[in-house]
Amino acid sequence: MDNINLYDILCPHKVKGYTEKHFIHHHKNDIIYNQSSSQKKIYLISKGKVKVVKFSDEGNEIIKAILTKGELFGEKALLGEGGSDEQAIAMTDNTQLCPLSVDKMYELMRENGRFSLEISKIIGFRLRKMERRLERLLFKDAKTRLIEFIRDLLEEQKERIEQQEREQSITGIEIKHFYTQGDIANLIGTTRETVTKLFNQFKKDGLLEYSRKNIIIKKKEAFLNLSSV
DNA sequence: TCATTAACTTCAG
DNA sequence: CTGAAGTTAATGA
C-alpha cells in the first residue's frame, strides 16, 4: 500500500469547484451517517478519529474499522452496495471531514485515471483487510490476533519501515499508530485488560514496546516467527 | 486461556 | 482538574 496520499489529491481544494466551506465538523459520538442517510457520500478525514461500526441484532456494536487523518470511508456508497446497517461515528471532538458526493467522485474518476486507480486500490485493500480480520476473530486466540494485528500494521507501513531499516541501526523498528489499547481491543475482539497484558508480556520478552504514538519492534525476526497457531 | 470485575495509577486536554 | 487510558489482581468460565 503506497502512501495514502489521497488527501493531497482530493481535499486541499485542488479539486476544481471546491470551496473552503466543504469541511464538516463533528463532536465526539456524533453520527456521521447511518443506514437511513439517503445522501450517500464519501468522506475524507482531515482531522480526528472515526469509527465505522455495524450493529448486530442484539444491538451490540461491531467495530469494522477505526480511521484517522488522511483516510477515507463511506466507500460503500461508491459500490452502490446497500451496506445498510453501517454507521460512522466520530470518536473525537473536533473531527473534521471532507465530504464528496458519489456523483462528484464518479466525475473525478472518469477524468482522472490515476485518481481512479488510487481509489480502487484503497477500497480493495480495505476489503481484504476486513476479511482477514473477520477470519481471525473466528479462529484464533487473543494473543495471535494481536500479533497479526501488528503484522498488518507492519505491512501497511512497509515502505517507510524498510527505509528506516536501511538508515538506522538494528535497535528497533518503529510503527506509527493512533490506536489506544482500547481501540485495539475492539478491533481484535478482546478487552482492554487483555491487550495491556499481552503488550506487557511482549515487552517482558523483549520483543516490542507499546506507547500511545508508536510501537517499537525490538526483535523483528522473533516477532514474525511467533506462534501462528 | 481469557473475560470480567473492580480498584488503582497515570496521562492528556 | 477531570475523564480517558492504562495497569494489576482476583475470580470464574
Side-chain angles (χ1 to χ4, degrees), chain A residues 7 23-32 34 43-71 73 87-98 129-154 156-157 171-220 222-229:
Chain A
Y7 192 80
F23 284 109
I24 316 178
H25 295 266
H26 284 284
H27 293 129
K28 188 170 180 174
N29 296 328
D30 280 354
I31 295 175
I32 298 161
N34 61 23
Y43 299 86
L44 184 66
I45 304 172
S46 66
K47 203 175 168 200
K49 219 156 124 182
V50 172
K51 63 181 173 183
V52 180
V53 305
K54 164 177 176 169
F55 288 93
S56 66
D57 299 332
E58 290 78 33
N60 27 4
E61 65 175 29
I62 303 164
I63 301 210
K64 301 176 73 177
I66 293 179
L67 304 168
T68 190
K69 180 175 177 176
E71 294 188 287
F73 65 96
Q87 287 194 1
I89 299 171
M91 296 180 78
T92 55
D93 276 329
N94 222 344
T95 298
Q96 206 174 43
L97 305 172
C98 280
K129 184 175 176 183
M130 262 164 43
E131 278 170 14
R132 260 180 294 143
R133 212 152 63 74
L134 282 179
E135 225 169 283
R136 276 205 290 261
L137 287 178
L138 291 176
F139 302 118
K140 317 225 168 142
D141 65 12
K143 183 175 177 183
T144 310
R145 297 200 296 262
L146 179 58
I147 290 170
E148 296 194 356
F149 176 79
I150 296 171
R151 279 186 196 156
D152 267 5
L153 291 180
L154 270 172
E156 281 166 41
Q157 303 185 17
T171 48
I173 302 166
E174 181 192 24
I175 300 177
K176 292 183 181 162
H177 73 96
F178 57 91
Y179 302 106
T180 64
Q181 295 191 0
D183 289 343
I184 296 173
N186 280 327
L187 286 170
I188 66 177
T190 182
T191 57
R192 219 163 81 233
E193 292 84 339
T194 301
V195 170
T196 300
K197 218 182 303 167
L198 288 171
F199 270 127
N200 287 335
Q201 187 191 325
F202 290 145
K203 183 175 177 180
K204 201 176 68 188
D205 297 342
L207 291 172
L208 59 80
E209 275 181 30
Y210 170 91
S211 84
R212 295 184 188 214
K213 292 214 155 38
N214 54 36
I215 297 171
I216 310 286
I217 309 278
K218 291 295 184 56
K219 295 179 182 170
K220 190 181 176 188
F223 179 72
L224 292 179
N225 289 330
L226 271 181
S227 75
S228 17
V229 176

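A note on names: the letters A, B, ... follow the listed sequences, proteins ahead of strands, and every chain is numbered from 1. Reckoned from all heavy atoms, side chains included, excluding hydrogens, waters and symmetry mates. In this text, all values refer to a predicted model and were calculated from it rather than measured experimentally.
Side chain of A:Asn200, nearest nucleotide from C:dT8, C:dA5, B:dT1: C:dT8. For A:Arg212, the side-chain atoms get nearest to C:dG6 when compared with the rest of C:dG6, B:dA3, B:dT1.
Of the residues in residues 178-193 of chain A, those with a non-hydrogen atom less than 4.0 angstrom from any atom of DNA chain B are A:Gly189, A:Thr190, A:Thr191, A:Glu193.
In this entry the distance linking CG of A:Asp93 with P of C:dA4 reads 10 Å, nearest Å. Atom CD1 in A:Ile66 sits about 10 Å away from atom P in C:dA5, given to the nearest Å. Distance, A:Phe199 CZ to C:dT7 P: 9 Å, rounded to whole Å. The nearest whole Å value for the distance from the OH atom in A:Tyr210 to the P atom in C:dT7 is 8 Å. Atom NE2 of A:His177 and atom C1' of C:dA5 are 12 Å apart (whole Å). As a whole-Å value, the separation of A:Lys197 NZ from C:dT11 C1' is 11 Å. Between A:Lys204 atom NZ and C:dT7 atom P there is a gap of 14 Å when expressed in whole angstrom units. One atom, NZ of A:Lys140, and another, C1' of B:dC2, lie 18 Å apart when rounded to the nearest Å.
The local environment of NE2 in A:His25 is crowded, with over 12 non-hydrogen atoms from other residues, nucleotides or ligands closer than 6.0 Å.
Contact annotation: A:Thr194 reaches the phosphate of B:dA3 (side-chain N/O to OP1 or OP2, under 4.0 Å). For the OP1/OP2 pair of C:dG6 and a distance below 4.0 Å, the side-chain nitrogens and oxygens of A:Thr196 include no atom meeting the criterion.
A donor-acceptor contact shorter than 3.5 Å links the side chain of A:Asp93 to the backbone of A:Lys28. Using a distance-only test at 3.5 Å, with no hydrogens or angles considered, no donor-acceptor pair links the side chain of A:Thr95 to the main chain of A:Ala90. Checking side-chain atoms of A:Gln157 against main-chain N and O of A:Lys176 turns up a donor-acceptor pair under 3.5 Å.
Screening residues 185-196 of chain A for side-chain hydrogen bond (donor to acceptor under 3.5 Å, both in side chains), with sequence neighbours left out, gives A:Gln181-A:Thr196, A:Thr191-A:Thr194.
A distance below 6.0 Å separates the ring centres of A:Tyr179 and A:Phe149.
When each of A:Arg133, A:Lys143, A:Arg132, A:Lys140 is paired with A:Glu148, the side-chain hydrogen bond (donor to acceptor under 3.5 Å, both in side chains) condition holds for A:Lys140 and for no other.
Aromatic ring pairs are classed by plane angle as parallel below 30°, tilted from 30° to 60° and perpendicular above 60°; the pair A:Phe202 and A:Phe223 is perpendicular.
The C1' atoms of five pairs define one axis at each end of the helix from B:dT1-C:dA13 to B:dG13-C:dC1, and these two axes lie 20° apart (to 10°).
Note: A:Asp183 CG to A:Phe178 CZ = 7.5 Å, rounded to the nearest 0.5 Å.
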